Structure formats: structure tokens, C-alpha cells
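This report refers to the structure that appears directly beneath it.
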Amino acid sequence: MLRRRLLLLLKPLEAYSLVRKSSGANVAAVGGSKMLRHLDNRLKVHTDAVAFCQDVLKCKLVDWETNFCNSLYQPIRNVDLVVTVGGDGTLLQASHFMDDSIPVLGVNSDPTQVEEVEKFSDEFDATRSTGYLCAATVKNFEEVLDNILENRSAPSEISRISVHVNSKLLPTPALNDLLIAHRSPAAVSRFSFRIKKDENLWSSKIICRSSGLRVCTAAGSSAAMLSAGGLPMPILSKALQYMVREPILPSTWKSSLMHGFVQSGQKMEIVWSSDDGEVYIDGFHISYPVRIGDVIDVSSEAPVLRLFLPRHL
């Protein structure tokens with residue numbers, strides 16, 4: 001068996017120290033030492049998971065190197081496999097630097113413990129990492145990795161969102177979702193949209209005043225979209241789901257116009273009609289500005305992400 005080249009991408013440790021720093025003074029004042037211990041334990045569990053994964057890799061026929069996700073600035077190249085250790089956020093960050101040539105495996109380093117969440121439910125949120133898209137934890141990492149290295153497992157092709165602004169492709173595809181909205185959450189977002197169903201057929205134009213427009217992939221349909229009242233989608237679906245957030249509806253309009261799907265091969269055209277708009281990709285870390293009159297085209301034409309899926313998907 002040939003030696004594989006592997007990149008181990010880690011959740012940055014600063015993510016834990018920043019939470020602890022921002023929480024420490026406030027929670028200590030109200031007797032929140034349990035929360036601080038919880039945060040310290042989360043850091044320990046994560047670092048132990050990283051050490052465990054590295055120990056496993058030392059025993060395998062692989063050449064590997066380690067990096068932190070927040071240190072990525074160039075597309076990932078010249079490796080056979082990317083392994084992320086953290087949670088869904090770490091996997092999302094990595095995906096922004098990946099095309100469809102390299103598969104990725106997510107390791108949930110600090111899974112949520114149901115009993116712990118229930119125990120502290122009246123004191124603080126003890127949720128850890130959901131890891132919805134992560135196929136491994138420390139409990140099964142070696143088994144999952146062996147199956148990959150020995151070609152017993154194959155990655156699935158997960159759709160991503162391609163975005164053009166005024167016909168110019170944005171460099172970052174969205175794995176989960178995108179939000180098009182005014183920079184200020186208190187401001188009204190004004191825009192119109194229509195769906196191009198084929199070369200000659202367009203849906204009717206819908207003119208909106210709202211809190212913005214969210215568009216998600218199948219992978220992202222269980223996240224913010226579901227919380228907003230959207231529908232979960234089969235993970236391998238090539239369709240996109242959209243929802244207008246908090247629409248200000250004329251009395252003659254139907255709310256059903258504010259939620260729907262963009263099928264594979266179709267695209268959504270949005271014309272922005274406000275100042276200071278932003279296209280937010282997979283959260284708030286990556287965004288691109290839009291101005292009055294800008295035309296935003298959204299579709300599932302982005303390169304897929306080759307992802308090793310967990311068994312529940």
C-alpha cells in the first residue's frame with residue numbers, strides 16, 4: 001500500500017481561551033465557577049483528542065503534517081486526505097480552502113454529553129460540539145481511518161453553493177448556507193428575487209422587504225434553516241432551500257412565496273435594493289459587500305465537497 005499524504009487541521013486553541021476570557025469575569029461574579037471548569041474541561045478534552053489522533057497517525061503508513069484552520073490562506077493542495085479535528089465549524093473552515101479533488105474526514109473532538117447538558121440546564125448551556133457532519137470521534141477514529149486508507153470507505157459528494165455578484169464568481173463556496181442581509185440587523189433588507197428554471201423560463205419576480213434571505217444546501221438544512229422553520233433535506237440532495245427572513249408582507253401576498261427550493265440546474269437571481277448589504281458565507285467569518293443594483297446569482301454549481309459521512313447520514 002502506497003504511503004498517503006495527509007493534512008491534520010485543528011480547531012484553534014484560541015477559540016477556548018477567548019470564550020473563557022469573555023466569560024470569566026461575568027460568570028465568576030455570579031458564582032459561575034462550574035462554567036469555568038466546564039470550559040477548562042472542554043479544552044482538555046479537545047487537546048487530548050488531538051494527541052490521540054496524532055498517536056494513531058504515527059502508527060499508519062502516512063506522511064502527515066499538522067496545521068490550525070485559522071492559519072489557512074491558500075487552497076489545500078498536494079495531499080490525499082484532510083482530517084479536521086474540532087467540530088462542524090472546523091470542517092466548514094477547511095472546506096472553504098478545498099475543491100473536489102481531495103476528500104475530507106471530520107473528527108468531533110469534544111462531543112456533547114446529554115447527561116451533562118441536563119445536569120447543568122438550570123445554570124448554563126453545557127452543550128459541547130454537535131459534529132453533525134463529523135464521521136469520527138476518538139472512539140472510532142482509528143477504525144474509520146483504516147477503512148479509508150484500505151479503500152473500504154468512499155467519500156460522498158456534498159453539494160455547495162456557488163455565488164456570483166454582477167457575474168463575478170465569489171471565491172468561497174458555501175457548504176452550509178449563505179445569508180444576504182443588511183449589515184445592521186436592525187435595518188430592513190430590500191431586494192427582489194426570481195428563479196431561472198431553464199434557459200427561457202423564469203419564475204415571477206418577488207419583491208421583498210425583510211431581515212434578509214437565507215439559502216442553504218442539504219448539509220445546512222438541519223442548521224439555521226431548520227431552526228427558522230425550514231425543512232430537513234436528504235444529505236445527498238443537489239437542491240438548495242431558501243427562506244426570506246421575517247418578511248414584511250403586503251396583505252395580498254401569500255407567505256408560501258417566501259420559502260421554496262432551487263433545484264439542480266436552476267439558479268436564483270437576487271437584485272439588491274439597499275445600501276450596505278453583505279453576503280455572509282457559512283456564518284459571519286467570511287462576507288462580501290453588495291450595493292444597490294448588484295445582481296447576485298446563486299446555484300449549486302460549485303465544486304462538490306468529497307466528505308466521509310457519519311453513519312446517521
Side-chain angles (χ1 to χ4, degrees), residues 3-22 39-40 42-58 60 62-111 128-138 141 144-145 148 155 158 160-161 163 169-178 219-220 278-288 302-308:
R3 295 186 71 88
R4 305 287 186 91
R5 297 163 300 171
L6 188 149
L7 177 61
L8 190 68
L9 283 177
L10 310 180
K11 178 178 181 176
L13 299 182
E14 292 91 334
Y16 294 99
S17 60
L18 287 174
V19 171
R20 196 187 196 287
K21 182 177 179 181
S22 62
L39 294 174
D40 290 339
R42 290 203 61 187
L43 174 58
K44 182 181 185 305
V45 170
H46 171 72
T47 53
D48 287 350
V50 170
F52 176 85
C53 292
Q54 291 174 326
D55 287 342
V56 169
L57 292 176
K58 292 174 184 177
K60 304 300 175 182
V62 295
D63 296 319
W64 57 280
E65 60 180 57
T66 300
N67 202 351
F68 289 98
C69 271
N70 59 349
S71 297
L72 292 175
Y73 298 101
Q74 299 292 330
I76 297 171
R77 296 281 188 268
N78 302 318
V79 296
D80 300 307
L81 175 66
V82 172
V83 176
T84 63
V85 183
D88 288 330
T90 310
L91 180 56
L92 283 173
Q93 278 187 283
S95 74
H96 297 154
F97 296 89
M98 300 180 66
D99 58 18
D100 56 0
S101 64
I102 302 170
V104 58
L105 166 67
V107 180
N108 186 353
S109 63
D110 185 26
R128 293 176 181 250
S129 174
T130 302
Y132 180 74
L133 297 174
C134 295
T137 66
V138 294
F141 172 64
V144 172
L145 181 64
I148 293 171
I158 306 302
R160 295 193 283 184
I161 304 175
V163 185
L169 177 65
L170 298 186
T172 310
L175 175 58
N176 259 11
D177 56 26
L178 60 86
E278 291 282 326
V279 179
Y280 297 95
I281 306 291
D282 287 334
F284 68 93
H285 293 291
I286 299 176
S287 66
Y288 301 92
V304 298
L305 184 71
R306 295 174 60 212
L307 175 65
F308 291 97

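For clarity, every value in this text was computed on a predicted model and none was experimentally measured. One-based numbering along the sequence shown.
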List the atom of [X], the atom of [Y], and the distance in Å for their closest heavy-atom pair.
X	Y	answer
Pro12	Phe68	CA-CD2, 3.7 Å
Tyr288	Leu170	CD1-CD1, 3.6 Å
Phe308	Pro103	CE1-CB, 3.6 Å
Ser129	Asp88	OG-N, 4.5 Å

Are the side chain of Asp177 and the backbone of Ile281 linked by a donor-acceptor contact shorter than 3.5 Å?
no

Do side-chain atoms of Asp282 reach the backbone of Ala174 as a donor and acceptor pair under 3.5 angstrom?
no

Would you call [X] and [Y] a side-chain contact if the rule is heavy atoms closer than 4.5 Å?
X	Y	answer
Ile158	Val304	no
Val107	Thr137	no
Leu72	Asn70	no
Leu175	Leu133	yes
Tyr280	Ile286	no
Val56	Cys53	no
Leu8	Asn67	no
Leu9	Val104	no

Let's go through Ser95 and Arg160 carefully: what are the C-alpha distance in whole Å and the side-chain angles of both, what is the deciding distance for side chain to side chain contact (heavy atoms under 4.5 Å, CB included) to 0.1 Å, and is it a yes or a no?
CA-CA 10 Å; Ser95 74; Arg160 295 193 283 184; 4.1 Å; yes

Is it true that Lys44 and Asp40 make a salt bridge, defined as a side-chain N closer than 4.0 Å to a carboxylate O?
no

For Asp110, is there an ion pair with Arg128 - N to carboxylate O distance below 4.0 angstrom?
yes

For the pair Asp63 and Leu6, evaluate side chain to side chain contact (heavy atoms under 4.5 Å, CB included) and give the outcome as yes or no after the intermediate values.
CA-CA 6 Å; Asp63 296 319; Leu6 188 149; over 6 Å; no

Let's go through Leu307 and Leu91 carefully: what are the C-alpha distance in whole Å and the side-chain angles of both, what is the deciding distance for side chain to side chain contact (heavy atoms under 4.5 Å, CB included) to 0.1 Å, and is it a yes or a no?
CA-CA 10 Å; Leu307 175 65; Leu91 180 56; 3.9 Å; yes

Got a list of side-chain donor-acceptor pairs under 3.5 Å for residues 75-86, not counting sequence neighbours?
residue : atom : partner : partner atom : Å
Asp80   : OD1  : Arg5    : NH2          : 3.3
Asp80   : OD2  : Arg5    : N            : 2.8
Asp80   : OD2  : Arg5    : NE           : 3.4

Side chains of Ser109 and His46 only: does a donor on one sit below 3.5 Å from an acceptor on the other?
yes

Intermediate values then yes/no, side chain to side chain contact (heavy atoms under 4.5 Å, CB included), Trp64 and Gln54:
CA-CA 9 Å; Trp64 57 280; Gln54 291 174 326; 3.8 Å; yes

